[in-house]
Structure formats: structure tokens, C-alpha cells
2 protein chains.
Amino acid sequence: MDTLSTSTTAARAPGRPREFEIDAALDKAIVVFSERGYHAASISELKDAMGLAAGSLYKAFKDKKAIFLASFDRYKQVRNALLEAEIAKGENGRDKIARVLHFYAEASQGEMGRRGCLVVGTASELAVTDIDAAERVTRSHARTEALMESLVREGQADGTVGAGIDPIHTSKILVCVMQGMRVMGKTGDTTGQAFLVADTALRLLD
Amino acid sequence: MDTLSTSTTAARAPGRPREFEIDAALDKAIVVFSERGYHAASISELKDAMGLAAGSLYKAFKDKKAIFLASFDRYKQVRNALLEAEIAKGENGRDKIARVLHFYAEASQGEMGRRGCLVVGTASELAVTDIDAAERVTRSHARTEALMESLVREGQADGTVGAGIDPIHTSKILVCVMQGMRVMGKTGDTTGQAFLVADTALRLLD
DNA sequence: CCTATTTGGAAACGATCATTTCCAAATTGA
DNA sequence: TCAATTTGGAAATGATCGTTTCCAAATAGG
């Protein structure tokens, strides 16, 4: 609701001021939702992780689903910011694509890998039964696909990606590879394998 | 437990005989678990879908988790049989790999796509918190990876797959692509796209 | 026919779930 | 200083969950 006012110096609303930061609390909720899933994450667990009383939770959010959707949006915002910072370091189209793949490979390993991707988890557990969750997943996939397509075209323009490949088909398979890496990361096989997958995927750009 | 005795003509156990077939009931449970997930699938929902009373369910299975694991094992058995039948139709290594990718592409579309893959769902929802589920997911991934690796080597031997590619790296990325297709299928985008991904993935074999 | 054993199925069970209620505390505007 | 408003937090609420209990029905062995 008033997420915007946290970044401005707006006149404070009447009443006792909130004693916790919404975004910091959501960052804790993201961990719980990611590794336990939506249904297994109880309010009791969430409030403990977020350091809040149940009453305070329900004053900040309408219900459990609202907590989840806010966590999802926060997750996407944070991850997108990190991803774009990584892409900005790239020198050309191919290098930028490699950085995206490595970004996902990194997230698919160790503790973060076992924790899992909130988008993949939402697609698996909620997309069929909840339209709001499904819309967010669809939007996320579409955005990632559009990003990859633009990077492929950038690579073709600067000569680092083969002129003969199809940007649309290639962006679709790259998104599949990234989602698949996150699935594999949940059972955390031996470290380093995700980077092998990422580097092998680059062959699709030749 | 006595899954074996159903296929033999063993002397019947004492007591009233079971009036339903375990495998047929599990096939119904697979649908519920796949599209709702483990935690959202209630016993009430499962017994309705399986056409059983709760009491009968608990005489056939120890608890909800046992129903799930039996469903998972049944799912893998059925899908593996179908997949191997499809592979058997292939004329060479590359053709067999194409058939595997198309098998997953087909499953990633329409109603079956929305229903989802029980392996992917289990990886997302249960792998972190349940060791029995995690072991099954890991075993499934390992098996699929070994299968793809053998097909890559077969293709290299018969000349339909490039001699220079790494069978291990390539099998890993192919598994990622297949898992990723199943994730994308949950939000069921426009039909036919999964097959484009499958065909594009074949470029990894050149 | 009799006992032992197992199933089918309805009803009951305690536990846990998401959510609400209630009251003291903290703030704003008048 | 005095309403009005909002939060923090503990306790209570009703619903639903997974599971068990209970009894009639159906089989096998003797």
C-alpha cells in the first residue's frame, strides 16, 4: 500500500508508528517461503522469522496470501536489481548473456540453491490454483525472456553472437536452462556443476 | 509393500479382500499431488479423488507421506516406461535424444503441462525438508542424466552427434532444459513453444 | 461352523492452522 | 490536554487438518 511513502519524507500518518521495516521483514519471509513453500510456511513460523507478533503482521498485511505476494514482489525487485548490475558489467552481448547465466548458476548452488527460487516455487505450488500468483510468474518469465532476447540481438549487432541464430527461440531455451538450474539446485549436487551448464549453454550463441 | 503380489497368483492373505486397485488409486492421487502440491492436497481431497474412505486409505498406507511417496514411485514407473518406449523408436543417438526432448515438450503443454511434473514439484516443495523426497528427486535426476549421457555417446558412436562435445556437460544441460520446460509449462503459455525449445536444444549436439 | 484377520466407512479425536479480538502504548491534530 | 487513530502483543476463535476408533462385512484356515 504505502510502500512508496517509505522512500519519501511524507507527513507521518496519525497513530502509533510502526516499529519495524516492511522490507527487512519481507526479506526474512522470503527465506521461509522459499525453502518451505507457501502452504508449509505457517504464520507462526513467519512471525518468528520476521520478529513480529501475529497481530502486527495482520495490521501490515491483509492475510497470508498478501504476505506472500509482497514477498514475491520484493524478491523480484531485489534479484532484478542485482541482475541488472551484473549485466551492466558486460562488455558485449555475449558477455552479458554469460553473466546472466553465471548469475543463475551462482544462485543454484550451496545454501541459496537449496533455498530455491521463489518464482520456480510459485510456479510449481501456486500457479495452477491462484491467479495472482500465476500472473506474477508469467510476468516474470516474459520479462526474463524479453531481456535475453534483447541481449541476443545486442550480441548479433556487435558480432559476438552468431548472425544465423533465432533470438526468440534462443531466449526461450536460455530461460528454460536458468529455471532448470534452479530446480537442480534444490537437491544441491556437487558444487560447480551449474557453471558447467552455464558455459555449455553459451554454445547456443555460436 | 505387497506391490509384487498383485502381479503374481500368490495365495491370498487372510481377511476381507481389498476392493480397489492400488495402482489405479495412485494414478488419481498423482493428479491431485501434481496440480495442488503435497501440503495443499488434503486427505479429504485425496480420498474423494481416489474413491476411498479415509479409513481404507490408512489401511493401505501408513500416513499421508506414504501415499505421496507411493504416488511418486508410481509416477516415475509409468513415465519411465513411456519414455523408454519412445526411445526405442529412435533410429540413432541423435534421434533418440530428439524423442526424449519431444516427450518432455509434449508433457509441458496443455492440461498435462499445467498439472506439472511430480519430480519438479517435489524438488521445489519437499526436497529441503524431507530426506525421503530429496533422495527420490536426486535419484531421478541422476538416472535421467545417465540416460542422456549414454544417448550422447551412442550418437557420437553412430556419427549423428558431434565428436567434439562433452557427453557429461551436454547431458547435464539437457536435463536442465527438460526440467525448465516443465516449470514453464505450469503457466501454460501458447502451445507449440516447448517444441521450439526442444528443437533448439538439439543444436547442442552439433 | 468358528476363530482370526482384514477391509469399508462413518464418526470422533486432538493438534494446528489462519485470523480476530482486546487492551495498553504511542503518535497526530486540535 | 483531549479525542482520534494506529501499533504491539497476548489470548481466544472457529475451521480444517491428519489420524484413529469403532463396528459391520468379507475372507481364510481349521
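Every heavy atom of this structure was used, including side-chain atoms; hydrogens, water molecules and symmetry mates were not.
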Task: Ion pair check, A/Arg136 and A/Asp73, cut-off under 4.0 Å - done: yes

- [ ] Whole angstrom is fine here: how far is it from NZ in A/Lys47 over to P in C/dT19?
- [x] 15 Å

Open item on the list: Just the rounded figure in Å: distance from P of C/dC17 to OH of A/Tyr38.
Closed with: 13 Å

- [ ] Could you tell me the separation between the NE2 atom of B/His39 and the P atom of C/dA18, rounded to a whole number of Å?
- [x] 11 Å

Open item on the list: Expressed as a whole number of angstroms, how long is the span from B/Tyr58:OH to D/dC17:P?
Closed with: 11 Å

Open item on the list: Nearest heavy atom decides the nucleotide; on that basis, is A/Gly55 or A/Ser42 closer to the 5' end of DNA chain C?
Closed with: A/Ser42

Task: 5′-ward residue of the pair B/Ile43/A/Gly51 relative to DNA chain D - done: A/Gly51

TODO: Could you check whether the rings of B/Phe33 and B/Tyr38 sit parallel, tilted or perpendicular, using 30° and 60° as the cut-offs?
DONE: parallel

- [ ] Please check if any side-chain donor atom of A/Gln179 sits under 3.5 Å from a side-chain acceptor atom of A/His141, or the reverse.
- [x] yes

Task: Interatomic distance, B/Asp48 CG vs C/dG8 P [rounded to whole Å] - done: 16 Å

Task: Minimum side-chain heavy-atom gap B/Lys96-B/Ile87 below 4.5 Å - done: yes

Task: Interatomic distance where CD1 belongs to B/Ile67 and P belongs to D/dC17 [whole Å] - done: 14 Å

Give every pair of a protein N or O atom and an N or O atom of nucleotides 13-15 of chain D that lie under 3.5 Å apart, one pair per line with the distance.
none

- [ ] Check whether any side-chain heavy atom of A/Phe195 lies under 4.5 Å from a side-chain heavy atom of A/Leu101, and answer yes or no.
- [x] no

Task: Under-4.0 Å salt bridge between A/Arg143 and A/Glu84 - done: yes

Task: Any donor-acceptor pair under 3.5 Å from B/Glu125 side chain to B/His39 backbone - done: yes

Open item on the list: Any heavy-atom pair between the side chains of B/Val177 and B/Val197 that's under 4.5 Å?
Closed with: yes

Task: Geometric cation-pi criterion, B/Arg99 with B/Phe103: 6.0 Å, 45° - done: no

TODO: Remember a base hit wins even if backbone is also touched, and classify B/Ala40 as base, sugar-phosphate or nothing at under 4.0 Å, heavy atoms.
DONE: nothing

Identify all pairs in which a protein N or O lies below 3.5 Å from an N or O of nucleotides 4-7 of chain C, and state each distance.
from, atom 1, to, atom 2, distance (Å)
C/dT6, O2, B/Arg16, N, 3.0
C/dT7, OP1, B/Arg18, NH2, 3.2
C/dT7, O4', B/Arg16, O, 3.3
C/dT7, O2, B/Arg16, NH1, 3.2

TODO: In whole angstrom, give the distance that lies between atom CG of B/Asp63 and atom P of C/dG14.
DONE: 21 Å

Open item on the list: Without decimals, in angstroms, what is the distance between A/Lys62 NZ and C/dA18 P?
Closed with: 15 Å

